[in-house]
Amino acid sequence: MNRLISFFATGFLFLLINTESTAQVSHQVFDNLLKSHVTNTGVVNYAAFKKDEAKLDKYLATLKANHPKSSWKRNDKLAYWINAYNAFTIKLILDNMPVKSIMDINSGKAWDVEWIKLGENTYSLNHIENKIIRPEFNEPRIHFAVNCAAKSCPPLLNAAYNGATLETQLQNQTTKFIQNKNFNTVAPNQLRISKIFEWYASDFGVITKYVDQYTNVRVASDAEVIYVEYNWALNGLNK
């Protein structure tokens, strides 16, 4: 009898541990909001988002209560942090409406304010991007997934990121952004590209080689590189 009890106890403990290690936060609420209020080209209807702010707040509360654990898979963690960055950026705009640019918030330093509560910690947007996402995941394609609410930012995906589909999502976002002539112009001997590639140059390595991976144009290794001025106007409607 004691052996039987021990067997069931061990099995229950294994099930409990295994369930905990595979547990993930659901991003479905955020996914629904993005599909409803963001166009296929990344234009955000902040006024409509404002009407659904209670739903966004519910999602942010879910993120707070489900901080990533060491047992989570890498892509589940990264999807969490990308979604957190994007969702709290939207919340920041909603809290400051009407606003013409994120640069109008906190004297142009909106990214430095520590106000994002996740788990037991309080973060800034800069902390999430530059002290968690970039150093921990070493994934340059995140620069085309996180969105800073500006017109020159890579367009916000109108779907939430998920661990199971993250690789495809990152690859698609990177390819679409680099090939989008509204942001980048790629020619064999000249690149006119987003300042993102200049600001985060250390993440991309040799920039001509990096861009060459995502275009049908064979970019020369010694191609001229010109960085395009950034448009910080809001990436959508807020009236």
Side-chain angles (χ1 to χ4, degrees), residues 23-68 72-102 110 116 118 125 128-129 133 137 139 141-183 194 196 214 231 233-239:
Q24 302 172 24
V25 58
S26 172
H27 302 292
Q28 190 59 54
V29 170
F30 191 41
D31 187 80
N32 293 341
L33 289 169
L34 291 169
K35 284 181 168 58
S36 297
H37 305 316
V38 182
T39 69
N40 290 332
T41 57
V43 178
V44 184
N45 188 336
Y46 289 104
F49 244 117
K50 187 69 176 179
K51 294 178 181 178
D52 269 342
E53 192 168 11
K55 294 179 182 178
L56 179 62
D57 289 343
K58 177 182 178 181
Y59 174 67
L60 298 181
T62 298
L63 292 180
K64 179 181 179 181
N66 292 274
H67 192 273
W72 287 21
K73 294 180 180 178
R74 175 187 182 277
N75 279 3
D76 292 328
K77 293 178 185 177
L78 182 51
Y80 173 99
W81 287 114
I82 293 172
N83 287 330
Y85 187 99
N86 290 341
F88 278 102
T89 297
I90 292 170
K91 177 64 174 176
L92 180 66
I93 299 300
L94 299 186
D95 285 349
N96 288 275
M97 287 176 60
V99 63
K100 294 181 179 180
S101 169
I102 192 170
I116 300 168
L118 297 169
L125 289 169
I128 291 175
E129 180 179 11
I133 296 179
F137 297 94
E139 174 52 82
R141 293 175 298 175
I142 63 95
H143 294 294
F144 315 108
V146 296
N147 183 272
C148 65
K151 285 188 175 180
S152 283
C153 277
L156 178 63
L157 181 65
N158 61 346
Y161 288 89
N162 278 287
T165 56
L166 185 63
E167 174 61 29
T168 298
Q169 290 175 312
L170 290 178
Q171 193 70 4
N172 287 344
Q173 286 297 98
T174 302
T175 301
K176 287 194 296 184
F177 179 71
I178 290 177
Q179 293 185 6
N180 190 329
K181 293 182 179 180
N182 291 323
F183 300 97
S194 169
I196 289 173
Y214 296 97
N231 183 352
L234 198 66
N235 62 340
L237 310 172
N238 67 344
K239 295 181 179 180

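Note that the structure is a prediction, hence the values are computed from the model and not measured.
In this structure, L34 and L157 approach most closely via the heavy-atom pair CD1-O, 3.9 Å. For the residue pair D76 and A164, the shortest heavy atom distance occurs at OD1-N, 4.4 Å. Of all the heavy atoms in N162 and H27, the pair that sits closest is OD1-CD2, 3.6 Å. Residues N147 and P154 approach most closely at ND2-O, 2.9 Å, considering heavy atoms. Here the shortest heavy-atom pairing between L166 and A79 reads CD2-N, 4.1 Å. Minimum heavy-atom separation, T62 to N66: O-ND2, 2.8 Å.
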Pair N32, Y59 - check side chain to side chain donor-acceptor pair (under 3.5 Å), show working. CA-CA 11 Å; N32 293 341; Y59 174 67; over 6 Å; no

Test side chain to side chain contact (heavy atoms under 4.5 Å, CB included) on I90 and L156 and set out the steps. CA-CA 10 Å; I90 292 170; L156 178 63; 4.1 Å; yes

List the steps, then state whether side chain to side chain contact (heavy atoms under 4.5 Å, CB included) holds for K77 with F137. CA-CA 9 Å; K77 293 178 185 177; F137 297 94; 3.8 Å; yes

Pair L56-K91, side chain to side chain contact (heavy atoms under 4.5 Å, CB included): steps then yes or no: CA-CA 8 Å; L56 179 62; K91 177 64 174 176; 4.2 Å; yes

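The side-chain contact (heavy atoms from CB on, under 4.5 Å) test with W81 singles out one residue from L118, L63, N86, and that residue is L118.
Using a 4.0 Å cut-off between charged nitrogen and carboxylate oxygen, K58 and E53 do not count as a salt-bridge pair.
With a 4.5 Å cut-off on side-chain heavy atoms, T39 and N158 do not count as touching. Counting heavy atoms from C-beta outward, N45 and F49 have side chains that stay 4.5 Å or more apart. Looking only at side-chain heavy atoms (C-beta outward), R74 and E139 come within less than 4.5 Å of each other. Side-chain contact between I93 and I102 is present, with at least one heavy-atom pair separated by less than 4.5 Å. Within the 4.5 Å cutoff, side-chain heavy atoms of L94 are placed close to those of Y46.
Remark: Y161 OH to F30 CZ distance equals 9.5 Å, nearest 0.5 Å.
For NZ of K64, the number of neighbouring non-hydrogen atoms (other residues, nucleotides, ligands) closer than 6.0 Å is 12 at most. K55 NZ: 12 or fewer foreign heavy atoms inside a 6.0 Å radius.
Relative orientation of the W72 and Y80 rings is perpendicular, given thresholds of 30° and 60° on the angle between their planes.
Of the N and O atoms on the side chains of Q171 and R141, at least one donor lies less than 3.5 Å from an acceptor on the other residue.
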